[in-house]
Number of protein chains: 2
Amino acid sequence: MSGEHERAAAPRERLDRHRILVAAVAMIDESGLGELSMRSLGRSLGVEAMALYRYVPSRESLLDGVVELVVDEMYADPLMHLLPEDDWQDYVVRLAHGVRRLALRHPQVFPLVATRPPAAPWVRPPLRSLHWIESFLAGLLSHRFTEQQAVDAYQAVSSFLLGHLLLEISAMGVDVVAVEENGTTGQEPDPGAAVGSYPVLLRLAPLLAAGHFADEFDASLANLLHRIAPGAATQG
Amino acid sequence: MSGEHERAAAPRERLDRHRILVAAVAMIDESGLGELSMRSLGRSLGVEAMALYRYVPSRESLLDGVVELVVDEMYADPLMHLLPEDDWQDYVVRLAHGVRRLALRHPQVFPLVATRPPAAPWVRPPLRSLHWIESFLAGLLSHRFTEQQAVDAYQAVSSFLLGHLLLEISAMGVDVVAVEENGTTGQEPDPGAAVGSYPVLLRLAPLLAAGHFADEFDASLANLLHRIAPGAATQG
DNA sequence: ACCTGAACACCGTTCAAGT
DNA sequence: ACCTGAACACCGTTCAAGT
């Protein structure tokens, strides 16, 4: 009996910013953002909520830290780095799949990545790791992209990833149950929105719920690569 | 002196679900989602918070209502309807611009449109007005689209709008101030993220902050139309 | 140095009571 | 029928106090 009982939630290691962020991500992954409060997070770490304020100035900045953590987790993968000798198209593909894996691994966190105001207020596009943006831009510039082309490519890739992955993630939440019934899945929010009154929607429901996202992702990505290539015609 | 003093915020009209939603949208537009509480919303209507529960079952469903309201506001525009004799490509362009105007008019509300779980759980893609989806699908089906093609088109258009508009909206929030200084815009969140250490980012800051979103939107949209046309080759 | 207890000003929500 | 007061179980955050 040397002191370690299995206590409420957490052992006696000292607190630390990284440990806090990891716990926060785990909590969001498990139960969604709604369940994450300073108090519940403290509890999961075996500590009172107030202790967290030594390491994190506010709940808002905690969420910023969460986004940073998952994005940098992906960036840590050496596959995600563009070396001068690399094929840039291959790099963009690796990067896109890396972000996709991130989104699928942390579907509850990803909307946060997409909607939080970024670290550098004047960059604004999402996927906010500055590391990431720097490496992307520098990489393309070393591959015959002009500055404008590199910025355009960055924005095109960002918005592609944002749109596709938010869509795919939101489709993940579907319970394919109870579509056949008659469109009434328990309680419809309000009678005006009853699905029964939208015949096409009802008929195409299985197709809409299915979605071959992986294929569509790759096909659209291939198309995107073609569009942003420095050789491509710039239409207005 | 017939009874109307200029009171705290609102007159004596009886409450009603629509009035509540309109007030909620106004409040989010003005001060952001963070400022919207049942209590503050009640106050802005000259009523105690508890009165709202006669018309809205919960805060969550209030937010659903807000999304519905702004989406249907756009849908009310007759330009947004696809008639059998219309050119479908022209329709998709009108629709896309309609959604874009919506996003630019309510930039604080749009992320809600993008991230809220939709009314019909098995449809999932965002832009959640069932009216809207029904009309889109029915329209394309009457223009030689197969069911699968119509669904693909719906998902492609959705994710395009999502990605582009979230990006553009987030760029709207930029204060172009203080980029030249030295990259330190008051308080940097954490020293590791100091912008000074990312030279390319710093150099391209003006380009990143500018963004010719309207042009890019149209160019990408044109490309999208080409991709989803029923004649196009289906690559995997 | 690191954590806690108590406190403050808020939340969303319920329900009996007022008009 | 429609709204309110009081109450409950929560929040985020501050700060003096404990160890």
Side-chain angles (χ1 to χ4, degrees), chain A residues 3-5 7-25 27-28 30-67 108 112 115-117 187 189-190, chain B residues 3-5 7-25 27-28 30-67 108 112 115-117 187 189-190:
Chain A
E4 262 143 359
H5 311 245
R7 270 315 192 70
R12 293 291 76 197
E13 304 180 35
R14 234 201 281 38
L15 231 40
D16 122 359
R17 186 180 151 89
H18 187 259
R19 245 164 60 74
I20 291 175
L21 295 180
V22 168
V25 169
M27 205 157 170
I28 299 174
E30 267 173 41
S31 353
L33 186 57
E35 296 302 303
L36 181 76
S37 70
M38 299 302 276
R39 289 165 136 110
S40 65
L41 179 57
R43 198 177 312 127
S44 89
L45 287 160
V47 110
E48 300 298 315
M50 311 84 200
L52 303 174
Y53 287 88
R54 290 265 144 190
Y55 306 93
V56 149
S58 71
R59 184 179 193 266
E60 283 301 284
S61 89
L62 172 77
L63 296 182
D64 285 338
V66 161
V67 169
Q108 306 255 39
L112 235 50
T115 53
R116 271 229 124 231
Q187 67 247 18
D190 64 281
Chain B
E4 262 143 359
H5 310 246
R7 270 316 190 71
R12 291 292 76 195
E13 305 179 35
R14 235 201 283 35
L15 232 40
D16 121 1
R17 186 180 152 88
H18 187 258
R19 245 164 60 72
I20 291 175
L21 294 180
V22 168
V25 169
M27 204 156 170
I28 299 175
E30 268 174 40
S31 354
L33 186 56
E35 297 301 302
L36 181 77
S37 71
M38 298 303 275
R39 290 166 135 109
S40 64
L41 179 57
R43 199 177 312 127
S44 88
L45 287 161
V47 111
E48 300 298 315
M50 310 84 200
L52 303 175
Y53 287 89
R54 289 267 145 188
Y55 306 93
V56 149
S58 71
R59 184 181 194 265
E60 283 301 286
S61 88
L62 172 76
L63 296 182
D64 285 339
V66 161
V67 169
Q108 306 257 39
L112 235 50
T115 53
R116 241 130 224 266
Q187 67 246 16
D190 64 281

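Numbered from 1 within each chain, the chains take letters A, B, ... in sequence-line order. Remember, it's a predicted structure, so these values are computed and weren't measured experimentally.
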Using Watson-Crick or G-U wobble geometry with both distances under 3.5 Å, which nucleotide pairs with D:dT19? C:dA1

Could you state the atom-to-atom distance from CG of A:Leu41 to C1' of D:dT13 in whole Å? 15 Å

I need the B:Thr115 OG1 to B:Leu63 CG distance, nearest 0.5 Å. 9.5 Å

Which nucleotide in the set C:dG12, D:dT14, C:dA7 lies at the smallest distance from any side-chain heavy atom of B:Ser37? C:dG12

Side-chain atoms of B:Met50 come closest, of D:dG5, C:dA7, C:dT4, to D:dG5

Measure across A:Arg17 and A:Val56 and return the closest heavy-atom pair with its distance rounded to 0.1 Å. NH1-CG2, 4.0 Å

Calculate the interatomic distance between A:Leu62 atom CG and D:dT13 atom C1'; express it in whole Å. 14 Å

Rounded to whole angstrom units, what separation is found between the CZ atom of B:Arg39 and the C1' atom of D:dA6? 11 Å

Partner nucleotide, any strand, of C:dT13 [Watson-Crick/G-U, under 3.5 Å]: D:dA7

Between C:dT4 and A:Tyr53, is there an OP1 or OP2 to side-chain N/O distance shorter than 4.0 Å? no

Please tell me which of the listed nucleotides, D:dT13, D:dT4, C:dT13, lies nearest to the side chain of B:Val47? D:dT4

I need the B:Ile20 CD1 to B:Leu45 CG distance, nearest 0.5 Å. 6.5 Å

Check: B:Leu62 and B:Leu36 side chains under 4.5 Å, non-hydrogen atoms: yes

Closest approach to the side chain of A:Arg14, judged atom by atom: which nucleotide of C:dC3, C:dG12, D:dT14 is it? C:dC3

To the nearest angstrom, how far is B:Glu48 atom CD from C:dG18 atom P? 17 Å

Rounded to whole Å, how long is the line connecting atom CG of B:Leu63 with atom C1' of C:dG12? 12 Å

Could you state the atom-to-atom distance from CD of A:Glu35 to C1' of D:dC10 in whole Å? 12 Å

Touch check for B:Met38, heavy atoms < 4.0 angstrom, all strands: base, sugar-phosphate only, or nothing? sugar-phosphate

Using a 4.0 Å heavy-atom cut-off, does B:Arg54 contact any base of the nucleic acid, only the sugar-phosphate backbone, or nothing at all? base

In whole angstrom, give the distance that lies between atom CZ of B:Arg59 and atom P of C:dT14. 15 Å

Spacing between A:Ile20 atom CD1 and C:dC3 atom P, to the nearest angstrom: 9 Å

A:Arg19 versus A:Tyr55: any side-chain heavy-atom pair under 4.5 Å? no

